[in-house]
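For reference, the structure discussed in these notes is given below.
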Amino acid sequence: QVQLVESGGGLVQAGGSLRLSCVASGRTFSRYAMGWFRQAPGKEREFVAGISWIDGSTAYVDSVKGRFTISRDNAKNTLYLEMNRLKPEDTAIYYCAASAQSAIFTTKNRYDYWGQGTQVTVSS
């Protein structure tokens, strides 16, 4: 089992920045591919960013490329999402997820463990 706890969400004006964190406990964090997803009201949960545990390679949804950065600190069992130049359309609950797979997947069903989410609200 892996337990995931997100933090760092909040209310920010458009153009601002936030840094989300996800602390993992349980099984070996360094052996899991990790991802960030988000879900806006009335919409499906969508992939935002992912990071492999093998080589640290990353992937992003097009809408956040150049603005968001995913990273991990295996020594601290922590996943991060640095979000810059935030837009109102980034408003959502953000979830971190862990996958026992080695590659990065963009679909929800590839992830085995989920956090409870943290709310991000961007005002215009």
Side-chain angles (χ1 to χ4, degrees):
Q1 286 283 344
V2 175
Q3 293 79 41
L4 303 171
V5 179
E6 304 96 334
S7 63
L11 173 64
V12 64
Q13 288 188 330
S17 299
L18 283 173
R19 187 194 198 198
L20 305 184
S21 299
C22 172
V23 178
S25 59
R27 291 180 180 264
T28 308
F29 172 76
S30 60
R31 295 284 185 169
Y32 284 80
M34 300 296 295
W36 286 100
F37 286 74
R38 65 187 179 187
Q39 187 165 16
K43 294 189 176 181
E44 293 287 322
R45 190 172 299 189
E46 67 167 349
F47 172 83
V48 176
I51 186 166
S52 166
W53 68 265
I54 292 181
D55 57 6
S57 58
T58 59
Y60 298 90
V61 67
D62 286 346
S63 60
V64 308
K65 284 180 181 177
R67 299 189 299 122
F68 290 11
T69 303
I70 188 172
S71 62
R72 65 192 299 165
D73 185 338
N74 289 337
K76 295 182 179 180
N77 284 0
T78 303
L79 176 74
Y80 302 100
L81 185 68
E82 187 75 35
M83 305 187 294
N84 297 312
R85 304 199 307 277
L86 282 160
K87 304 175 181 180
E89 51 264 43
D90 295 318
T91 295
I93 299 174
Y94 283 70
Y95 300 89
C96 73
S99 170
Q101 310 288 334
S102 57
I104 300 169
F105 292 98
T106 61
T107 53
K108 300 187 295 292
N109 61 3
R110 290 287 193 164
Y111 289 80
D112 305 289
Y113 304 101
W114 293 83
Q116 293 299 306
T118 185
Q119 176 71 49
V120 171
T121 303
V122 184
S123 62
S124 57

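Along the sequence shown, residues carry numbers from 1.
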Side chain to side chain contact (heavy atoms under 4.5 Å, CB included) involving K108 - partner list, sequence neighbours excluded: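 With sequence neighbours excluded, K108 shows a side chain to side chain contact (heavy atoms under 4.5 Å, CB included) to F37, E44, R45, W114, given in chain and number order.
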Work out which heavy atom in [X] is nearest to a heavy atom in [Y]; give both atom names and the distance.
| X | Y | value |
| --- | --- | --- |
| Y111 | S99 | CD2-CB, 3.7 Å |
| I104 | G50 | CD1-O, 3.6 Å |
| Q119 | I93 | OE1-CG1, 3.2 Å |
| L4 | V2 | CD2-CG1, 3.7 Å |
| G66 | R85 | O-NH2, 3.1 Å |
| A92 | Q39 | CB-O, 3.4 Å |

Can you establish whether the number of heavy atoms outside Q116 located under 6.0 Å from its atom CD is more than 12?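 Atom CD in Q116 is not packed in, count stays at 12 or less.
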From S124 atom OG to K87 atom NZ, the distance as rounded to the nearest 0.5 Å: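 Separation between the atoms: 14.0 Å.
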Rounded at 0.5 Å granularity, tell me how far CG in N74 sits from CE in M34.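 Here the rounded value is 9.5 Å.
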Short side-chain to backbone donor-acceptor contact, [X] and [Y], under 3.5 Å:
| X | Y | result |
| --- | --- | --- |
| T91 | V122 | yes |
| D112 | A100 | yes |
| Q101 | F105 | no |
| S52 | A103 | no |
| E6 | G117 | yes |

Evaluate the criterion side-chain contact (heavy atoms from CB on, under 4.5 Å) for residue pair E82 and I70; output intermediate values, then yes/no. CA-CA 6 Å; E82 187 75 35; I70 188 172; over 6 Å; no
Is there a chain of hydrophobic side chains (I, L, V, M, F, W, Y, each step under 4.5 Å between heavy atoms) that links [X] to [Y]?
| X | Y | value |
| --- | --- | --- |
| V61 | Y95 | no |
| L79 | Y60 | yes |
| Y32 | F47 | no |
| V23 | W53 | no |

Do L86 and F68 have side chains that get closer than 4.5 Å, going by heavy atoms?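 Answer yes - side chains close enough.
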Report yes if some heavy atom in the side chain of M83 is under 4.5 Å from a heavy atom in the side chain of L20; otherwise report no.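 Yes; the side chains approach each other to less than 4.5 Å.
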Pairing of K65 and D62 as salt bridge, 4.0 angstrom limit: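 Here K65 pairs with D62 in a salt bridge, since their nearest N and O are under 4.0 Å apart.
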Against the six-membered ring of Y80, is R19 placed for a cation-pi contact (under 6.0 Å from the centre, within 45° of the normal)?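 Flagged: R19 positioned over aromatic ring of Y80.
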Just one of V64, I51, L81 clears the side-chain contact (heavy atoms from CB on, under 4.5 Å) bar with W36, so which one?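 Only one of V64, I51, L81 forms a side-chain contact (heavy atoms from CB on, under 4.5 Å) with W36, namely L81.
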Identify all side-chain donor-acceptor contacts of residues 7-17 below 3.5 Å with residues at least two apart in sequence or on another chain.
| residue | atom | partner | partner atom | Å |
| --- | --- | --- | --- | --- |
| S17 | OG | N84 | OD1 | 2.8 |

